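Whatever order the structure lists them in is the order used to number ligands and atoms, beginning at 1. Numbers for residues simply follow the sequence, beginning at 1. Here the structure is a predicted model, which means the values were calculated and not measured.
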Amino acid sequence: MKVFLNPGHDQLDLAGTPDYDPGAVNEEMGLYENEVAAAIGELVANYLVAAGCTVKSLQHESLSKIYDTANDWGADLFVSIHCNAYVNPAANGTETLYYPTDKEGMELADCINNQIVNTFDITDRGIKQRTDLAVLNGTDMPAVLVETAFISNPDDAIILRDQQDEMARAIARGVTDYISGC
Ligand SMILES: [Zn+2]
């Protein structure tokens, strides 16, 4: 099983370049979405390799490069990892997004979302259909975008800062649940 991981937004080493996109930022806690996603993504990759998957991971500024790479590689599954954010810091919880006609993506989203909300004391916002996300539109395989938690919410942000390993294990378990038919 070939799993393509896409931690959201730009790599840290692109900082300072034009159009550098760290994603959502929690200034108070010094948390940057791209760094959280990269850390969780690396851990997910390790757990999936340990579970027997072949993993490729790419974090890059060009969304078309990401889905082209996943398609060219012949990925069986695609998982993008993000943090949510909202102007109102009360907004919180986990949601997992998929493309409406992607029935397998819906199953994968369900498996991952369930693992996360069963692991943490976190609001279950459920799985949601999205038509406007390039990584879901452009990929040929079942694809999901995991909004792990709200970086703008104080409680969720503590999870994102202190429990990256648990988050990664939950995402990896969701993938293996899907593979074994959760
Ligand atoms: Zn994001």
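- Under the 4.5 Å side-chain criterion, counting only non-hydrogen atoms from C-beta, P100 is in contact with T131.
- Environment of NZ in K65: sparse, with no more than 12 heavy atoms of neighbouring residues, nucleotides or ligands closer than 6.0 Å.
- For the Zn ion (ligand 1), the nearby protein N/O/S atoms, meaning those under 2.8 Å, are H9 NE2, E33 OE2, H82 ND1.
- Between the side chains of R125 and T96, no donor N or O sits under 3.5 Å from an acceptor N or O.
- Shown are Y178, W73, F4, Y98; of these, the ring pair (Phe, Tyr, Trp, His ring centres under 6.0 Å) with F78 is made only by F4.
- Side-chain contact between Y99 and N137 is present, with at least one heavy-atom pair separated by less than 4.5 Å.
- Counting heavy atoms from C-beta on, the side chains of I127 and L97 never come closer than 4.5 Å.
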